Structures are given as structure tokens and as C-alpha cells.
Amino acid sequence: MRSCFSIALLLAGAAAPSLCAAQTVDYSALADLMGEPVTTSVIGKPQRASELPASAVIITREQIARSPARDIPGLLKSFSGIDVNRWTAGQSDVAVRGGVQTYNARLLVLVDGRQVYLDHYGMTNWNLLGVALEDIQQIELIRGPASALFGFNAASGVVNIITRRPSDKASLTASAELGGHDYSRIAGALQLPFSDKVGVKLSAGRLREDERAIRAPLLAPEMVPDVQSDHVAGSVTGRLDRTEVTLDGGYAENRQSEYLPSQYISNQHYRIGHAAAGMKHDTDWGGLSFGTYANWLHADYGLTEGAPTRNPNDTAATKFSNRIIVAQGSALIRLDGNNTLRVGGEYRNNRLRSPAQFSETVSYDVGSANLMADLHPVDAVTVTLAGRLDRLSLSQSGAIVQPAFDAPSAFDRDFTRFSFNAATVVRMGETGQLRLNGGRGYQLPPLADFGLRIPIQTPSPIPVFIAGRPETRPVPVWSAEVGYNQTIGDTRLETTAFWTRTEDAIATPGDGLQLDLLLTPAPLLVSRIRAIGNYTTYGAEAALSGRYGPLSWRANYSFTHTDQTLPPVTVPAPFALSPQSTTPRHKANLELGHDAGRWYVTAIGRYTSSTRQFAFTTTPQLLLVQVDEAVALDARVGLRVRPGLELFVAGENLTLAGGAAVSPIPADRRVRGGLRVSL
Amino acid sequence: MKKRKLLGGVLLLTLPWPVGAELNVQVAARVVSFLQPPPNGAVQTAIVFEPGNSVSEADAISIERAIGGGVAAGRASIRTRRVPISSLGALGNYRAAFVTSGLRDEQAGIAAAAARGSVVTITSDQACVQAARCVVGISSTPRVQITVSRAAARAANVRFGSAFLMLVKEI
């Protein structure tokens, strides 16, 4: 990393000094200036939404406030190229351009640049982000691999959630909601400026709702708890001349029923905490940013019903403790008026402790360096090139759980991977834009895929285990796309054709009993998490959006086709992975909004074609369950009683379409009402 | 006659936006908020105009109407006061100046006065920026485009934040 910054400083010295001085990115102010959202999530420098060298979605604060959705997956589900599976009331997965599976490890999710996806399984628990919707400035989703900027796990895309910057005015935004299925939610964010240089932000939230009805023949846990989610977070930001420093911390807790990667359903309890420190400094030649953070996770898997209270009990649960420490720095250098270079470095240490793995601790260290160049060879053409080198060292320590299935030396591994992104954007007239881009990213095997070791109950007289493999390799994801965007007046057209290939996809065993017989010396049967094959998705996305006075509208369509070379999905299915079956082929969404000032209404119609999704039956047997095509209607009506106070009623899946959740468990209708305060 | 009208309409649609387009005052005010160091409180901004020049006067009236009693931009509140071309010596009392259209012949003098007073000059006349006599040019149709003259900014000792400069076109 030291050498990276030396390079950055050398390059900075070589570049002609430009005019820029102290300034960090104020998304709201920049969006107001340019008349459209601004993001840094694609290549690390501020860019207008209409000029991005990748396919992206930016959901603004205003859109969030008027949406019928009650969480981030709900906000994302009505955009093209994005599949949202709400497996249970609490558990959702977001997939970009196919590859739908539970515990999706192919999407990197960040809150203000800090990863919030959970490294033990590489998954995102959307009820454990530790951020209130009321505190979000905008949500950015980049479709396609972005590992060259963000590293491992940005294999199919990135979601960057940007919270509001501390303001120089005290403010409170809060919501209180009640609804059917015992739904209740209260959440808010408070901004307190102590001076024009120091600001404090506090946010908190509490959510409760009932689980959906899980009916036979689907397997259900003996006890199905309601969904519980709580969080509290705070930050202090100080600004001095050219420098901005932020200290940030938070705690969140969640309990819910979930489908595991094997598609077995069980009850989990998660607790997370984080502490972060960041510094941004502008110079005459660009900007420097440094940051470090630590995330802690304690997860209890397989909560049972405790006697005599019948409350969820974690005494028999399988416990995981994950801690990740990340230190990163980057320099954004303006070479001249319009060309930019970004140099970055990162170190991360990731550690998983659990009695359910090879040894007490399985960990890795990753060192990374990345370089991005954004060049304008001629006025109408932009060329963006980005590359990143990651070197990972895997290790294990502590007492080895016996009998062991691997040699300890199998965990002493190093591997190096190079990710890249390349894009060319050609401006066509004043408002047209042709884009060619592609890249290769990597999905890092989650820590559990290296060292997991869990006994499973079977009728077999010989003990059976599900286990990870220390030899598991990162999964390469290749992507190419061509897009054309055009703005005519207040109407914007976005079209994209894409191709994505995933090689050596990793899957958790289902019930196919692909077992290895080990003599330790007692005989054991081990079913391994492993790379099982390849799949390719290709398709097209088209989106139109516009505004006419108080009316706004948005329509999109996605076609996704998947070819796969994976084990068969006939019963007994050996692995719960079949993107061809689980990814909807056709999706279409239409949103209409009317904002009359005192009141507004937003309605979203969503069509999803039929799929088949994996689930265990009561037998228990892993099956592909038919999920019917669905036409769902979501709506929200709000009345602004007076400035800063709004009453609203919102509902999701008002048409009660069973397939609307794209889950083996049929979707239900969720209606809620409440008030929103902005002071 | 009909054909001529149709042709005129087509030409109107295909021709570039006229040089004398009105300044987008909301955007211009926000540009001021990205100056370094960031302005705070009331920021007196000059409207540079030429009395008797109908284009310039119309632009000045339009700017005044858009600003009204003041426009908030970041921590600053932009307030305007007219400065006739004959009083450019007073430009040093302002941090920013909105340069009205129709002042092609006066741009050299405005640039010199702005350089002496470290004033950021903002205009809708792209030619003024191309000639490095105005610091910032703003066009609004079909979408907001901001151009910054590095030479004019350097001459006036005007600095912007890096995030702002990465979003605009620097020449």
C-alpha cells in the first residue's frame, strides 16, 4: 500500500496542478447543481447519472419517500435487470442479471463505502444493514462486475447506500408505521450540528412483523418466530479547511426464518457491530481518502423453541463469530482538465470462529492495489480502464475439530487474482450516449466454504457431514454489455444488451448425497461445498422514464436467458443451484406517480414470469417448487397534513399474487399505514 | 408561406441554442456555493450589465427576478446588485458576478476587473468562457452543462472543489 501511495504522489507531482481544492462529495448539492443524481460508485470519481460508463440505477431520497416499499430490496425490485426474491418475510436476496440463489454471495453491498454483507457466508441480510430508510440520501446499484474498483464479491454488481451528510441545520426525519401481519416499524434519523465544523448524526430503527404462512408440503421449522430487527447508529463528522473526518459506529440485531444455501429453512439470530473512521482531504491536484473499519458478527443458526416460554432459544444453535478489519486508501488525481487517475490500496483481515468448522479459527488476509484511468481522447469519447490485483492468504489456527477431513496444511494457501473493467462511452448528439463495457470480477468463496463442518441428521448408520473445502477457488464472472441511452425533453430511454458468464460456481449440497467416504479411522460420509459448473446469462433491458407536470412515470422490461452446465435438478437434486430454473425469464414494471403538493399517489405494477425455486419438503426432500407468474400491484397514498407531517397508507402485493415474492412460500398482501415527520 | 413557416420551425429546432440565452440563475447560484473556501452567509453578487443595451438589460431583469430577495446555495445566500459596465472598478467589492449577455465588446474589461478583484464571473455566453474572459459558462438546454475556463479562474485566483471540477468541463 505504501508503494501505491508513493506512485500516487509521484503521479500527482507529474500532473499539472489544477484548480481543485478542498471538497468532499455532497451528493445532494451536486445533484441539485447538475439536475440529475451524481454517483461515485462506478469508477470512484463523481459522475452524472447520464454519463456513467456502466449500467446503473440511482434511487433518490424523494423516490424512497414516495415508494410503497418498506425496505431496500422492495425499492430495488421494480427496476430492470434486478431480481428480488423475498424468500421469507424477513429474508430477501437481490440478484443482478440472473444467478438467483439464497445467500447470494455475488453482490457487494456497502453503506457509505463500508461493506455490510456478511463474510461468513458472503451474504447480505437486508434487515441487518443498520441504516434507516429515513437516513438514506440515495441508493446506487451498478449492474455487472465491479471488482476492479471494489474487489472480491462485486462479482455481479454493487449496491452502495449513501446516507445523508451532516447538515449545518438540526433536522429530524422519522416514521412510525403499523400494519397487518402484526407489522410495526419506527425509525428515524436525527442531525445535530454542534458548530459549522462539527455535526452529529444519530439513527435508530425497530421492526416487527409476522412470518408468512409456510404450508405443507414445504418444510417449516418447528417454531416460526416473527421477524425482529433493531438498530442504532451514530456518527460524528468534523470539517476543517480541506479535510473532513468521520467517526462512525453502530449495533444491529435481527431474528428471522431463512432458507440456507442448501435451501433448508431454519431460524437465525444475528448481532452485528461496527466502528469506522474515515478521512477525506482535497488537494490542488485532486483528493485523498483514507478509511478503516471493523465489523463484528455473532450469528446463531438453528434457533429452537425454548421451554417453558416457547421463545426462540439459541442454546442448541450453531454459532459463528466473524470479525473483519479493513484499511483502505485512495488518491483521485486530475491529470488535466478532464482526465482522471485513481490509485488505491487496501488491506483486510477476515476471521471466522466457530465450533462448526475445521478448527477454532479460519481466516485470511487480503492485500490489494487498484488503478483506474478515466480518459477523454476526444470531446465526444470517454475511455475508462480499471484494474485491481488482490492477493489472499488463507490460514487456520486453534484446536482442530476431530475427526478432521483435511490436512491442516491445506489451509496454508495463497492466491492472486486480477480483476478488470473497461468501458467506452461515445456521446451521440447532445443527449444520446452509446456505451460498450465489460470486465471480469471475482466472487470470493465465503469463509464457511473453506472450513465449514456440520453434522447432519440422516437415517445412515455412518455419520454424515456437510463440509467446506480449503481448495475452493474464487469464482470468475465475465461480463460484456452494450447500451444506448437517450434523453428527449423530460423523457429518458435506457437500453442494454448484456452477456455474463460465471465459471466454477460454488454450491452447497442439497440432498443428492454426493458423498465422499473417509476413514478417520471410523468411516464417515462427507458432502462437500464445491464448484459444480458454469452458467451463462444473456438478455436485454429497456427502461423509459419521464415526467409531465405533477405526473411521473417509469416503465421497464427485462429479458434474461440462462444456459447452464450444472448437475441435474431431477430428484434427488445434489445441489441447490440452477439459475436456469430460478431466474425469471421476463420481468416488466410500470410505475405511475402523481404529486399534487398536498397529496400524492404512487402505484407500481410488477409482472414476473414463472420460475421454479428450491425448497425442502417435509419428507424431507429437496424439490424445485413451481412459482407461478405474478402480476402484483404496490401502492402508496400520502397526505401532507402540514409542512413536515405526512400521513400515508401503503400496500405491497395488493393483488395477492402468490408468485410475487418469487419464493417457494407464496407471497401475501402487506398493508400498512403511518406518519412521517420531517423537521 | 406555410412551407417557409415549416422551414423556419425546423431551423429553430436544429440550430444551437442562441448565444444570448438567459442565465440559469439557480444553477449559477449553486456554482457560487462550490467556491473554495466555501462562502458563508450573504454573498453580494454583481449583475454586470450595460445600460441601454436591450439584451443586457433584459438579462439583468431576468436575473433579478429569479434571485428575488435572495437564493440559498449551500451555506450562502446569494443577493444581487447591478453594476453598470461603466463602474467595473466596483467589481472588487463582490465575490461573484453574473455577466449578462450582449457584452461581447466589454468582456476584456470585465475579465481584467474580475482578475483584479478575485471575482468569479458566471455567464450564459459560452464564447466569453472560450475566450478565457469569463470563469464559468452555463448552458441549460437540453441539459445543464457547466464549462470552466482554467485560465480565467487562475487569473482571478478563483478555486473550486475537486468534486465540482470533476463534473464540469474544464477548458
Side-chain angles (χ1 to χ4, degrees), chain A residues 16-36 38-40 43-48 50-51 167-169 196 239 241-242 280-288 332-334 336-340 342 374 376 379 429-432 486-490 492, chain B residues 13-17 24-41 71-77 120 122 129 132 135-136 138-171:
Chain A
S18 60
L19 309 168
C20 50
Q23 201 158 66
T24 50
V25 177
D26 182 338
Y27 292 89
S28 176
L30 291 172
D32 286 344
L33 176 75
M34 306 310 292
E36 60 181 308
V38 169
T39 176
T40 60
I43 60 173
K45 69 170 253 190
Q47 290 180 296
R48 303 170 72 154
S50 61
E51 295 179 350
S167 159
D168 57 346
K169 292 177 186 163
D196 61 347
R239 284 188 285 263
D241 193 18
R242 297 183 162 200
K280 292 173 181 169
H281 178 71
D282 267 17
T283 72
D284 284 344
W285 45 266
L288 284 168
L332 197 55
I333 303 153
R334 302 182 64 248
D336 57 31
N338 299 305
N339 299 320
T340 311
R342 184 181 186 276
D374 182 51
H376 297 252
D379 196 38
E430 283 292 321
T431 57
Q486 178 80 49
T487 304
I488 304 166
D490 285 333
R492 180 162 173 79
Chain B
L13 287 172
T14 53
L15 281 171
W17 195 254
N24 185 326
V25 177
Q26 297 298 324
V27 174
R30 288 185 179 119
V31 167
V32 174
S33 73
F34 287 93
L35 284 168
Q36 291 297 326
N40 209 342
V71 167
R75 294 178 177 184
S77 175
V120 59
I122 304 172
V129 185
V135 179
V136 179
I138 296 170
S139 62
S140 304
T141 51
R143 61 183 198 138
V144 172
Q145 290 282 13
I146 299 170
T147 309
V148 173
S149 164
R150 196 182 317 163
R154 192 173 292 138
N157 195 27
V158 166
R159 301 156 70 91
F160 290 100
S162 60
F164 170 82
L165 287 175
M166 286 178 194
L167 283 169
V168 305
K169 183 178 178 184
E170 218 182 339
I171 56 174

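Since this is a predicted model, take the numbers as computed values, not measurements. Every chain is numbered from 1 and lettered A, B, ... according to where its sequence line falls, protein lines coming before strand lines.
- Going from atom NE2 of H376(A) over to atom NZ of K169(B) covers 10.5 Å, rounded to the nearest 0.5 Å.
- Contact between V144(B) and R48(A) at its shortest, heavy atoms only, is O-NH1, 2.7 Å.
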| request: Under the side-chain hydrogen bond (donor to acceptor under 3.5 Å, both in side chains) rule, what do R143(B) and T487(A) come out as? Steps first, then yes or no, please. | output: CA-CA 9 Å; R143(B) 61 183 198 138; T487(A) 304; over 6 Å; no
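- Contact record, F34(B) with L33(A): CE1-CD2, 3.9 Å, taken as the closest heavy-atom pair.
- Interface remark: D374(A) contributes no atoms to any contact with chain B (heavy atom separation under 4.5 Å).
- Using a 4.5 Å cut-off between heavy atoms, N338(A) touches chain B through its side chain atoms alone.
- A distance of 11.0 Å separates CG of L30(A) from CZ of R30(B), quoted to the nearest 0.5 Å.
- Ranked by heavy-atom pairs under 4.5 Å with chain B, the first of A29(A), P46(A), G35(A) is P46(A).
- Across all their heavy atoms, S162(B) and D282(A) have their closest contact at OG-OD2, 2.7 Å.
- Neither the backbone nor the side chain of N24(B) comes within less than 4.5 Å of any heavy atom in chain A.
- Only the backbone of Q47(A) comes within contact range of chain B, judged by heavy atoms closer than 4.5 Å.
- Taken from CG in L165(B) to CZ in R334(A), the straight-line distance is 4.5 Å, to the nearest 0.5 Å.
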